[in-house]
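Input: a single structure, listed below in structure tokens.
Lettering of chains follows the sequences in order, A, B, ..., and the numbering in each one begins at 1. Note: hydrogens, waters and symmetry copies are ignored here, and every other heavy atom, side chains too, is used.
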Amino acid sequence: MENTERERTERALRLESLKKRRDFLAAQSGLRAHSPAFVLTRSKSANQSGETRVGFTVTRRIGNAVVRNRIKRRLRAAVGAVFSENAAAGFDYVLIARRSAATRNFASLLDDMKRVLLRLSALPK
RNA sequence: UCAGACGGCCGGACGGCCGCGGAAGGAAACUUUCGAGGAAAGUCCGGGCUCCAUGGAGGCAAGGCGCCGGGUAACGCCCGGCCGGAUCGCCCGGUUUGCGGACGGUCCGAGGGAAAGCGCCGCAGAGAACGAACCGCCUUCUGCGGGAGGUAAGGGUGAAAAGGUGCGGUAAGAGCGCACCGCUCGUCCGGCGACGGAUGAGGCAUGGCAAGCCCCGCCUGGAGCAAUGCCGAAUAGGGAUCGCGCGUUCUUCGGAACAGGGGCGCCUCCGCUCCGAGCGGUCCGGGUAGGCAGCUAGAGGCGAUGCGCAAGCAUCGUCCCAGAUGAAUGGCCGUCCCUUCUCCGGAAGGACAGAACCCGGCUUACAGGCCGUCUGACGCG
């Protein structure tokens, strides 16, 4: 069951990465904001570790292994550039990639991410 | 020079600034160094490695393989041959449409056995195989419609039609006879062998399909790195041990009497029956999450020399070249190389595709480029 799920969605890590399936599910059931290349979700409450953790979800529908790897790397690079200043500390984030994440201009990707983080902060708790 | 076929190779290059994974050094900050592919893919074969099973030999079943020799750890892979087929060139016989044979080039072939047996051979065609008569041909009979007999030369059908061509022969024909070619069998010679050559005999009915069953020969235990080994929380449960406790009295320590609690639908009495322990500490073994090992120096890469037609092998030298585990290669910039678009200033993009224990193969995907061989066209000498 877990195995087939893993095969179907294939997730990745960074910053302090999410590793457990239940952590992914928790973050995805929290707050949610959309952008052209990805969807960003954040857990409802801070985790125990106090560190900001990020996970990536790139489903098999997006493309083959090469495309999925590229998307994870680009999103990871964007997170590294933006999160330290703009993200809420201690929360779990999950980025769900869309197809255009592979080709969207990187500067636009950074703008998207800043905007989406602001929107999440503005939403009611 | 261009085009096509086949084979082999490469598959964007260099640099800068931020980051990522491993290793080494360091007390640390950090430094140094390495970091995806020819297919990493499909998981189709062959092995290494690990665990399980397994006395020896033989037989049966199932599955796989199938010309010969060599290469290899091994293979269903590779190399070199043989044979067969397709095609092109050239020569010869013959003839002038065609046909047969020899030689050479290129390509293709799951290429043992079809006079062991069974089965199948659509459509067309008379007939697709216990040697066949639709038309035709010949002989003969006739009531002129046709009948009987002979005949595989000709026509027609088909992927395939009962050895081929020619001459003789005949009523017409036929290996019926002869020559050449082909076939089968024998002998001799050459070759390790598949097989080839020569020669003799036999006129020589006995089609194709075995990636249909089958026959013959050879090979074969099973599962896989989520293998397997080690370490090992929290929580629950198991065992050992210590402390306190385990109603009262008696005891020969087995128990007995009384008291207490529960059940027999409910209340009272009586009767019967059942229950009487735990709590805390320490330690032990199994074992889950998790962690470590397996995990990368290898049938290894590169170079030289020697052997071999080649696949490849041997010797020497030299190099260390990913080891992640929600899984490391990214972002930005500059110069150059290609491709596309263009308002000629520039803009966009870089084939197929991402290691997961490791090798040898096969298959499939692949923009563009380079080299070689062959064929054709044009040009030059």
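- A close approach under 4.0 Å does occur between a side-chain nitrogen or oxygen of R76(A) and OP1 or OP2 of A328(B).
- Across every strand in view, G312(B) sits in a pair with C307(B) that passes the Watson-Crick or G-U test at under 3.5 angstrom.
- Atom pair R104(A):CZ and G331(B):C1' shows a separation of 16 Å (rounding to whole Å applied).
- On the P atoms, C34(B) is 28 Å away from C9(B), given to the nearest whole Å.
- When distances run from any side-chain atom of F106(A) to the nucleotides U329(B), G354(B), G331(B), the shortest one goes to G331(B).
- To the nearest 0.5 Å, atom OG1 of residue T41(A) and atom CG of residue L95(A) are 7.5 Å apart.
- Using atom C1' as the reference point in both C90(B) and C79(B), the two lie 31 Å apart (nearest Å).
- Distance CG (N69(A)) to C1' (G35(B)): 15 Å, rounded to an integer number of Å.
- The pairing partner recorded for G193(B) is none, the criterion being a Watson-Crick or G-U wobble arrangement whose two distances lie under 3.5 angstrom.
- The partner of A39(B) is absent, by the rule that a Watson-Crick or G-U pair needs both atom distances under 3.5 Å.
- Separation of the P atoms belonging to C68(B) and C180(B) is 36 Å when rounded to the nearest angstrom.
- The glycosidic torsion of G245(B) lies more than 90° away from 0, which places this base in the anti conformation.
- Taking atom P on both nucleotides, G119(B) is separated from A57(B) by 43 Å, rounded to a whole Å.
- G4(B) takes the anti form, because its glycosidic angle lies more than 90° either side of 0.
- Surrounding CZ of R98(A) are more than 12 heavy atoms belonging to other residues, nucleotides or ligands, all under 6.0 Å away.
- The nearest whole Å value for the distance from the CZ atom in F56(A) to the P atom in A328(B) is 11 Å.
- A36(B) adopts a syn glycosidic conformation, its chi angle falling within 90° of 0.
- When atom types are taken as modelled, the side chain of N64(A) and the backbone of V67(A) share a donor-acceptor pair closer than 3.5 angstrom.
- For G168(B), the paired base is C176(B) (Watson-Crick or G-U wobble, both distances below 3.5 Å).
- When both distances must be under 3.5 Å, the Watson-Crick or G-U wobble mate of U87(B) is G105(B).
- Among the nucleotides A353(B), G330(B), A36(B), the one closest to the side chain of A77(A) is G330(B).
- Between the C1' atom of C18(B) and the CG atom of L110(A) lies a distance of 13 Å, rounded to the nearest Å.
- Atoms OG and CZ, on S35(A) and R104(A) in that order, are 7.0 Å from each other to the nearest 0.5 Å.
- The C1' atoms of A210(B) and A226(B) are separated by 44 Å, rounded to the nearest whole Å.
- As a whole-Å value, the separation of R68(A) CZ from G330(B) C1' is 18 Å.
- Look at NZ on K72(A): it is 15 Å from P on G21(B), rounded to the nearest Å.
- Separating the P atom of C204(B) from that of C214(B) is a span of 38 Å, rounded to the nearest Å.
- Donor-acceptor pairing under 3.5 Å, judged by distance alone, is present between the side chain of R73(A) and the base of G354(B).
- On the C1' atoms, C176(B) is 30 Å away from G208(B), given to the nearest whole Å.
- Taking CZ from F38(A) and OG1 from T57(A), the interatomic distance works out to 13.5 Å, rounded to the nearest 0.5 Å.
- Here U31(B) sits opposite A24(B) as a Watson-Crick or G-U wobble pair (both hydrogen-bonding atom distances under 3.5 Å).
- An anti orientation is assigned to G119(B), its glycosidic angle lying beyond 90° of 0.
- The shortest side-chain heavy-atom distance between Y93(A) and V79(A) does not fall under the 4.5 Å cut-off.
- Atom C1' of C225(B) sits at a distance of 11 Å from the matching atom of C51(B), rounded to the whole Å.
- Connection of M113(A) to F106(A) is established within a shared hydrophobic cluster, with ILVMFWY side chains joined at heavy-atom distances below 4.5 Å, either directly or through further cluster members.
- Shown here, C302(B) forms a base pair with G317(B); the pair counts as Watson-Crick or G-U wobble because both key distances fall under 3.5 Å.
- For the atom pair CD1 of I96(A) and CZ of F56(A), the computed distance is 12.0 Å after rounding to the nearest 0.5 Å.
- For C321(B), the glycosidic angle deviates from 0 by 90° or less, giving a syn base.
- Across the protein-nucleic acid pair, N64(A) atom CG and A351(B) atom P stand 12 Å apart, rounded to whole Å.
- The separation between L75(A) atom CG and C20(B) atom P is 18 Å, rounded to whole Å.
- Among the nucleotides U329(B), G331(B), A353(B), the one closest to the side chain of V66(A) is A353(B).
- For R74(A), a side-chain nitrogen or oxygen approaches OP1 or OP2 of G331(B) to under 4.0 Å.
- Checking G354(B) for Watson-Crick or G-U wobble geometry (two distances, each under 3.5 Å) identifies no partner in any strand.
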